[in-house]
Amino acid sequence: MSEIIDDLIKRTGAASKIFMDREVLQPDYVPDTLPHRENEIKRLAEHLIVVARGVRPSNVLIYGLTGTGKTAVARYVVRKIVEKSASLGTKLKDAYVNTRKVDTTYRVIAEIARQLGLMVPYTGLAVSEVYRRYVNALENWGGLHVVILDEIDYYVRREGDDLLYKLVRINEELSNSKVVLIGITNDINFVENLDPRVRSSLGEVEMVFPPYNAEQLYTILKQRAEKAFVPGAISDGVISFCAAIAAREHGDARRALDLLRVAGEIAEREGAAEVTVEHVRKASVEIEEGRVYQTVSFLPLHQKLVLKEILEIVKKKGSATTGEVYLAYVNRVRDLGYEPLTQRRVSEIISQLDMMGLVLAEVVNRGRHGVTKVIKVKPDIIKNIEEALKDLG
DNA sequence: AGTCCACCGGAAAACATGGCAA
DNA sequence: TTGCCATGTTTTCCGGTGGACT
């Protein structure tokens, strides 16, 4: 059964005039070398290598915007050191948690414990119970646990810093084992809201990852493109065009790679022999449209209804306010025979739609006429949203 | 100078759902 | 089964806002 599929993949892959190995451009692909991050790798490795002498390294906090290689570097270095640990004669394990995907206290601690090899139920236990089990498991095992917490700014904003506080001080409870934390954050200001004790402990060692510039992005893309594309299927000019677009958007390497991959896919679909600048332009649009369509179609019913009313009003008047939207929404929902949500909730939904980038909501004070959100929609995505909203009738 | 609008947005709590342990 | 727990959504309550208007 699976042979059939494997074979199919191989044959369509082989038939491609564009791609040699598309995997190389996938977001989760970790390359063997990370260009322009040699210094960071070296520094982190030097810092962590003291585990060879059985010493616990201090915690590390890594800053940098998205797509600057923070996660890749951290995982790379930790993986290498864990691989080496056997020959170093140390007990070493690692855990990686993206606290944006795993976004509650319970799930974070459960995930850390799970990666140590502990079975933890998905729910049903108290957080403190899971924590206790984790501590016990650590003590029984008696090694050093390197825990990478990715995107912790996101987590702390949602859940506060209680868990971090516990983790930072966990070593005081441990006699037999140790824990090292590596925190990764996109937001440089986030430490300021942290409990001072957490801040000083977590930030004992700090590393900053600057964004890539166009030139560096170019080498990164070039390196991947050589593996990913059939020779001659993409020119240096096209690669540097991708790099330039991504550099304009805060030097995000992930975006640059996406762009390159989608451009390749478009070229392939069109049966072209080569990826062109035009394909890259199309890719840029397609990525954006896909994002909008996806987010809208997965929205729950009431979110969709609110969005629909916003669209109606904006099309008529150019902008809308919370009050107008709510009124229209209530009428619509009543017609459909449902119970409307409260205005408080709808206000929140509008804020969420804003955060998702579907609408632009700005809080405006109109003096005598009170405070409200003035809601607009970017004209170029209106059609897109309507398309995704079709099923509402 | 003071009023007052029309909402904002934080906090707490209710409610629903799903799961563990004993 | 019973009781406790996590999680996500929504409601209830309510203090707060800041500039147009009187």
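The analysis underlying the following values was restricted to heavy atoms, covering all of them including side chains, and did not include hydrogens, waters or symmetry mates. Owing to the predicted nature of the structure, the values given are computational and were not obtained by experimental measurement. Naming convention: chains lettered A, B, ... in sequence-line order (proteins, then strands); numbering from 1 in each chain.
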Ignoring hydrogens and geometry beyond distance, is a side-chain donor-acceptor pair present between A:Thr104 and A:Glu159 at under 3.5 Å? no

Quick one: is the NZ or CZ of A:Arg37 closer than 6.0 Å to the six-membered ring centre of A:Tyr212, and within 45° of its axis? yes

Do you know which of A:Asp161, A:Asp103, A:Thr99, A:Thr105 makes side chain to side chain donor-acceptor pair (under 3.5 Å) with A:Tyr155? A:Thr105

Atom CZ of A:Arg133 to atom P of B:dC20: distance rounded to whole Å? 11 Å

Euclidean distance, atom CD1 of residue A:Ile109 to atom C1' of C:dC5 [Å, nearest integer]: 16 Å

Using the side-chain heavy atoms of A:Thr104, tell me which of these nucleotides is nearest: C:dG8, B:dC20, B:dC7. C:dG8

Using distance alone, with no hydrogens and no angle criterion, decide if A:Tyr96 and A:Asp150 have a side-chain donor and acceptor under 3.5 Å apart. yes

Distance, rounded to the nearest Å, where A:Leu163 contributes CG and C:dA6 contributes C1': 15 Å

Would you indicate what A:Glu348 reaches in the nucleic acid, counting non-hydrogen atoms under 4.0 angstrom: base, sugar-phosphate, or nothing? nothing

Rounded to the nearest Å, what distance is computed from the OH atom of residue A:Tyr106 to the C1' atom of nucleotide B:dG18? 12 Å

Between A:Phe229 and A:Phe19, how do the two ring planes meet: parallel, tilted or perpendicular, split at 30° and 60°? parallel

Return the value, rounded to whole Å, for the distance between atom CZ of A:Arg344 and atom P of B:dA11. 11 Å

Rounding to a whole Å, what distance do you find between A:Tyr338:OH and C:dT10:P? 14 Å

If you check the A:Leu341 side chain, which of C:dT11, B:dC8, C:dA6 turns out closest? C:dT11

Exercise: do A:Asn98 and A:Glu151 side chains pair donor with acceptor under 3.5 Å: yes

A:Asn365 side chain, from C-beta outward: closest of B:dG18, B:dC8, C:dG18: C:dG18

Tell me, which of residues 366-377 of chain A have any heavy atom that sits under 4.0 Å from an atom in DNA chain B? A:Gly367, A:Arg368, A:His369, A:Gly370, A:Val371, A:Thr372, A:Lys373

Rounded to whole Å, how long is the line connecting atom CZ of A:Arg345 with atom C1' of B:dG10? 15 Å

Starting at atom CG of A:Asp354, determine the distance to atom C1' of B:dC8, rounded to an integer number of angstrom. 14 Å

Which is true for A:Thr123 with a 4.0 Å heavy-atom rule: it touches a base, it touches only sugar-phosphate, or it touches nothing? base

Does a side-chain N or O of A:Thr322 approach OP1 or OP2 of B:dC8 to a distance below 4.0 Å, or not? yes

Within this structure, what is the CZ-OG distance for the pair A:Arg255 and A:Ser284, rounded to the nearest 0.5 Å? 8.0 Å

